Amino acid sequence: MGVGVALQGSIESGFIFAIMALGVYLTFRILDFPDLTVDGSFATGGAVGATMITAGFAPFMSTVSALLIGLVVGAMTGILHTKGKINALLSGILSMIALYSINLRIMGKANVPLLGEDTLFTQIQGILSALGDYGVLVAVAVIALVIKFINDWFLHTEVGLAIRATGNNQRMIRSFSANTDTTIIIGLSISNGMVALSGALYAQYQGFADVSMGIGMIIIGLASVIIGEAIFGNRTIVRATFAVIGGAIIYRMVVALAMQVGLDPSDMKLMTALIVIIALIMPRISAGYKERKRRAARIKNREQQSRVLERGEVKKHA
């Protein structure tokens, strides 16, 4: 029973983290921008959502506000990079560091509890009471899939195609009179909006917001993207975004199983790093194995052809 509850919880949190992973996918895979703002914007989303809820605002309004703040945070990183001419990696780090203090200012303290407060999930459990314990699971799955389909649609619009082209070749897209500074800012803004939304949902899901809740989120997002692509593939945008959601769920399930086995919670960061390393290495090992098999098959075919030719020569002389 304990394992079943843990797995259900991991799937629920997996769908919430999938929204964050979709934001990471947009910057790292589509825009080719190593954005480290994620660690800060995830906590910002949680801080804004939790603070507004405890102040008496409606949970839906609080969650939407967290999304909007995330858009602003992402735009800030984009402006630092494009207008301030700061290195992409450094601009994300600067934003992440600044957000730590900003998040403390928003919350007024390091931790904001939501126990006893009306949140999106308490409302969902009331609305979907007929589904019992599966109400939250259905709700977070629907939210993640809606975000996924909106993301897919956006990346096929004119602006979305410009963002994809910017990630592929900035010089080429500039030759078509496109403003790459604008596409980078828009891409980072949307990415961190999704990350902040995920943070607000996760704070309500776990019952509190903490100033350090975003630490390591970029690694979790990357792990979700890499695991998903390794298992499900990424030939199209639609397939890749499905893979990201699947990767986030699989990652959370692996973590839940590790906890059930008895792994210490303090070892989770190490395990996350190991998962990413394995996910990065395995495709290369698999590709090398397939290449060796192809090479061996080619050598074998050549040897068979040589034998056939030798037999033909022997018959002629005979």
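Just so you know, these numbers come straight off a predicted model, no measurement behind them.
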Which residues pass the salt bridge (Lys or Arg N to Asp or Glu O under 4.0 Å) test with [X], not counting sequence neighbours?
X: E12; result: none
X: R298; result: E291
X: R302; result: none
X: K83; result: D181

Testing the basics here: between [X] and [Y], what is the closest heavy-atom pair and its distance to 0.1 Å?
X: L7; Y: M253; value: CD2-CE, 4.1 Å
X: S13; Y: R252; value: OG-NE, 3.1 Å
X: G40; Y: L99; value: C-CD1, 3.6 Å
X: V140; Y: I16; value: CG1-CG1, 3.9 Å
X: M20; Y: S198; value: CB-OG, 3.4 Å
X: S191; Y: V24; value: OG-N, 4.1 Å

Q. Going through the checks in order, is the side-chain contact (heavy atoms from CB on, under 4.5 Å) test met by I237 and I30?
A. CA-CA 9 Å; I237 293 294; I30 301 296; 3.6 Å; yes
*asked:* Suppose we call two aromatic rings close when their centres sit under 6.0 Å apart. Are F232 and F242 close by that rule?
replied: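 They do not qualify: ring centres at least 6.0 Å apart.
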Is a side-chain N or O of [X] found less than 3.5 angstrom from the main chain of [Y], in a donor-acceptor match?
X: D39; Y: M217; value: yes
X: T183; Y: I163; value: no
X: N168; Y: R164; value: yes

Between Q204 and S62, does the side chain to side chain donor-acceptor pair (under 3.5 Å) criterion hold? Intermediate values first, please. CA-CA 10 Å; Q204 294 174 70; S62 303; over 6 Å; no
Can you get from [X] to [Y] by hopping between Ile, Leu, Val, Met, Phe, Trp and Tyr side chains that sit under 4.5 Å apart?
X: L145; Y: F17; result: yes
X: L71; Y: M76; result: no
X: L94; Y: L89; result: no
X: L137; Y: I127; result: yes

Self-check item: Contacts of K300 that satisfy side chain to side chain contact (heavy atoms under 4.5 Å, CB included) - sequence neighbours left out
Solution: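 Applying side chain to side chain contact (heavy atoms under 4.5 Å, CB included) to K300 gives Q304.
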* Asked: Who are the side chain to side chain contact (heavy atoms under 4.5 Å, CB included) partners of Q125, not counting sequence neighbours?
  ->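 Expected list: V136.
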| query | Counting heavy atoms not belonging to M172, are there more than 12 under 6.0 Å from its CE? | reply |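 Correct, the count exceeds 12.
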| field | Other residues, nucleotides, ligands: >12 heavy atoms within 6.0 Å of R294 CZ | value |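 Yes, CZ of R294 has more than 12 neighbouring heavy atoms, counting only those of other groups under 6.0 Å.
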Show which side-chain atoms of residues 276-283 pair as donor or acceptor with protein atoms under 3.5 Å away, not counting sequence neighbours.
none

* Asked: Going through the checks in order, is the side-chain contact (heavy atoms from CB on, under 4.5 Å) test met by I185 and T82?
  -> CA-CA 8 Å; I185 292 170; T82 57; 3.5 Å; yes
Do you see a donor-acceptor pair shorter than 3.5 Å between the side chains of [X] and [Y]?
X: T77; Y: S91; answer: no
X: N151; Y: T241; answer: no
X: E117; Y: T122; answer: no
X: N192; Y: S41; answer: yes

ask   = Atom CE in M107, atom OG1 in T44: separation rounded to 0.5 Å?
value =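 These two atoms lie 9.0 Å from each other.
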Can you tell me how far the OG1 atom of T63 sits from the CD1 atom of I143, to the nearest 0.5 Å?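 T63 OG1 to I143 CD1: 8.5 Å, rounded to 0.5 Å.
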Pairs meeting criterion ring pair (Phe, Tyr, Trp, His ring centres under 6.0 Å) with involvement of [range], two or more places apart:
range: residues 65-92; answer: F33-H81
range: residues 247-278; answer: none
range: residues 90-136; answer: F121-Y205

For residues 46-59, please give each side-chain donor-acceptor pair under 3.5 Å, one per line with the distance, not counting sequence neighbours.
| from | atom 1 | to | atom 2 | distance (Å) |
| --- | --- | --- | --- | --- |
| T51 | OG1 | A47 | O | 2.6 |
| T54 | OG1 | A50 | O | 3.1 |
| T54 | OG1 | T51 | O | 2.9 |

Kindly determine whether I186 and F154 satisfy side-chain contact (heavy atoms from CB on, under 4.5 Å), including the steps that lead there.
CA-CA 12 Å; I186 291 172; F154 172 73; 4.2 Å; yes
**Message:** Using the salt bridge (Lys or Arg N to Asp or Glu O under 4.0 Å) definition, which of the options R29, R235, R239 pairs with E229?
**Reply:**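 Single pass found, and it is R29.
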**OP:** Could you check M96 against T37 for side-chain contact (heavy atoms from CB on, under 4.5 Å), going step by step and ending with a plain yes or no?
**Re:** CA-CA 5 Å; M96 177 182 66; T37 314; 5.6 Å; no
Subject >> side chain to side chain donor-acceptor pair (under 3.5 Å) partners of Y25, counting only residues at least two apart >> reply: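 Side chain to side chain donor-acceptor pair (under 3.5 Å) check on Y25 returns nothing, list empty.
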